[in-house]
Amino acid sequence: MFLYGAYALVLIVILRMFQLQVIEHNFYKQLGDQQSLQNINVKRGRGIIVDRMGNTIVANKESASLYAFGKDVVDPKGLQKELRRYNITISDTTVERLKSPSFSWVSRRVNIPTARAAKTAYPYLDYIYEEQRYYPQGNLLRGILGSTGVDNQGLNGLERAFESVLKGTSYSIQAVHDSKGNQILLSNALVNKNTLPMVQLTLSMENQAAAEYFLRQGVAKFGANSGIVIAMDIETGDILLAASVFSDKSDIARKGEQFARSYPSTFLFEPGSIFKTVTYAYMLENGLYNANRTHDVSKGFSVAGHTITDSSFLRKVITEQEIFTISSNIGVSQMMQRVNASDYHDFLVSVGLGRKLGTYSLSEESGLLRNIKQWSQQSKYSISFGQEILTTPLQMLYFFSAVANNGVATTPRIVQQYSQGTSTLSVPKVIPVNKTRIMSLGTSQDLRKLLRLAVLNGTGRKALNNISSIAGKTGTSQKFDSKRNAYSATDYIASFAGFFPYEAPRIAMIVLYDSPTTSIYGGQTAILTFNTLAQYLTLSLGLPNSATLKELSNVPLVNANITNTSDISETVRN
């Protein structure tokens, strides 16, 4: 009898196991899935970004990410509405996910006190600690630094360029219910903050803050849509500052795109008369320039049905040296009659135009230099004074740095070094410096003298000061109106590009303003900001100043006899 009872008991157990493991398998598997979720990946320990002095520019801070099991949420739509009181926004997609019984994120990257308050009000909510990017300097340099996504991954800028270095470590999180229905968080890993990856920039936050401050003042003072400045050490290629500021009236600011990209290296513009420096470099390299050769610029220069003109000034016959210093479009166009268009095009390519420079980790635009087969009869003349060609501020900076550096161009770099960890065991990798000769020593020396003369006697007189001796060129270019398919009569780019100190060049810089309204001329707007920043950097970096430098004795100083340089036009009139 006892034996029959034992057989019956074993049979019952077997049948029950069959029911659980076969018949009701899917039910219990689903129930198990509702109780826990495996392999939720959370990234922690994303690397830091510091300036050249080691000051932190980008770090991490703790935040909370709210989650819930859908089976515990009775009214997802109601929860969406109620959490607005805590400034927590839930998307409609999240509402739909919460209708499923399993795990779901409710809101990521919520500040911790808010997450605690939400959990207290709605016990079925819980949170885990995650990291999010923290910018101690606010929006300073944000367009170049870039941004990260919801999973703290780099989306653009340096954050994306150095994603493989900065990305941190992924950890697996398990969220489970215990037997009483309470939520338990497992494997909330901690990160050793002494071994974080690091990217070190070439600029200091003090210089960057000064650049943005003075640029912001300029945008307001000149009524411009925006302003851009970028400066570099001509020997090392180190970018010392790179700033862009936008007024409230600009389309970029209205669309909230002012931090979306690096405008000093991606903003495309027709450079105007600062480009005459490139043209004169070609002339000098090919023996086509004679400082004392004269040209009659009293009337417009006609080519292919178009007339190139200048605003009136007192002297109608000027030398080729004066054509540069007072920035005559008529004069440079007359000089271009001796130029072979194909050779000129090849020279422009050789000095870095129409292509990306290959600046390490910095987003770039290549600009626009059309194939010689697409040039019209007018093209070589228009390009000679900076129209029919698109460049970036970075490309023009590259060229002017070569002029200052005896004809040798150094590829700019904004990252000095990086390491996979900040511990003493991690060896930083230094970004190499690439140098290329793009013009002869003689050409660079002659151009330096011309650029200084442009400041002493030409359109650049407002760059004179008692602290820093500046050499440079003004530019004013009409913006092309694509709707009218013609150059605008009201919108201009005003610029000034150059280097300092003149006697012992160290820093090259370019400043430009988009659509200034108080004056369209670079010699009245951009030059003032350049002057201020040059004085600031001279003192900040401890460069030789005007009190300790003596003017080169062999520089021929020619008085152009111009009574009002603000009346000199640097734009084409079609």
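This is a predicted model, so every value here is computed, not measured. Residue numbers count from 1 along this sequence.
No side-chain heavy atom of I239 sits under 4.5 Å from any side-chain heavy atom of L241.
Checking T392 against S265 by side-chain atom types alone, no donor-acceptor pair falls below 3.5 Å. A donor-acceptor contact under 3.5 angstrom links the side chains of E285 and T443, judged on distance only. Under 3.5 Å, the side chains of S328 and D310 contain a donor-acceptor pair of N or O atoms. A donor atom on one side chain and an acceptor atom on the other are not found under 3.5 Å apart for Q535 and T538.
With values rounded to the nearest 0.5 angstrom, T525 atom OG1 is found 11.0 Å from K462 atom NZ. Rounding to the nearest 0.5 Å places CE of M232 at 5.5 Å from OG1 of T410. Distance check: I230 CD1 to S262 OG gives 6.5 Å after rounding to the nearest 0.5 Å. Annotation: the span from T359 atom OG1 to R413 atom CZ amounts to 12.0 Å, rounded to 0.5 Å.
Of all non-hydrogen atoms in I507 and L543, the two that sit nearest each other are CG1-CD1, 3.8 Å. When all heavy atoms of M335 and V339 are compared, the closest pair comes out as O-CG2, 4.2 Å.
A salt bridge between R452 and E503 is absent, with no side-chain N of the basic residue lying under 4.0 Å from a carboxylate O of the acidic one. Look at E388 and K380 and you find no salt bridge, because none of the NZ, NE, NH1 or NH2 atoms lies under 4.0 Å from a carboxylate O.
No more than 12 heavy atoms of other residues, nucleotides or ligands sit less than 6.0 Å from atom NZ of K429. For NZ of K221, the number of neighbouring non-hydrogen atoms (other residues, nucleotides, ligands) closer than 6.0 Å is 12 at most. More than 12 non-hydrogen atoms from other residues, nucleotides or ligands lie less than 6.0 angstrom from CZ of R370.
The backbone N or O of L288 sits less than 3.5 Å from a side-chain atom of R338, completing a donor-acceptor pair. The backbone N or O of N405 lies less than 3.5 Å from no partner atom in the side chain of E235, so there is not a single donor-acceptor pair. Remark: the backbone N or O of G475 is not paired with any side-chain donor or acceptor of K276 at under 3.5 angstrom. Not a single donor-acceptor pair under 3.5 Å links the side chain of D296 to the backbone N or O of V317. A donor-acceptor pair is defined here as one N or O able to donate and one able to accept, closer than 3.5 Å; no such pair exists between the side chain of R216 and the backbone of V245. A donor-acceptor pair under 3.5 Å is absent between the side-chain atoms of Q334 and the main chain of G331, judged by distance alone.
Using a 30° and 60° split on the angle between ring planes, Y381 and F301 fall in the tilted class, from 30° to 60°.
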- Might you work through the side chain to side chain contact (heavy atoms under 4.5 Å, CB included) test for T279 and Y344, ending with a clear yes or no? CA-CA 8 Å; T279 298; Y344 182 52; 2.8 Å; yes
- Message: With salt bridge (charged side-chain N to carboxylate O under 4.0 Å, His left out) as the criterion, how do R142 and E159 come out once you've worked through the C-alpha distance, each side chain's angles and the decisive distance to 0.1 Å?
- Response: CA-CA 10 Å; R142 286 293 298 276; E159 293 276 22; over 6 Å; no
- After noting the C-alpha distance and the side-chain angles of R448 and N406, does the key distance pass the side-chain hydrogen bond (donor to acceptor under 3.5 Å, both in side chains) rule? CA-CA 9 Å; R448 289 207 300 268; N406 296 322; 3.2 Å; yes
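Applying the side chain to side chain contact (heavy atoms under 4.5 Å, CB included) rule to A220 yields no partners; only residues at least two apart in sequence or on another chain are considered.
Under the ring pair (Phe, Tyr, Trp, His ring centres under 6.0 Å) criterion, the residue pairs touching residues 459-480 are F480-Y487, with sequence neighbours excluded.
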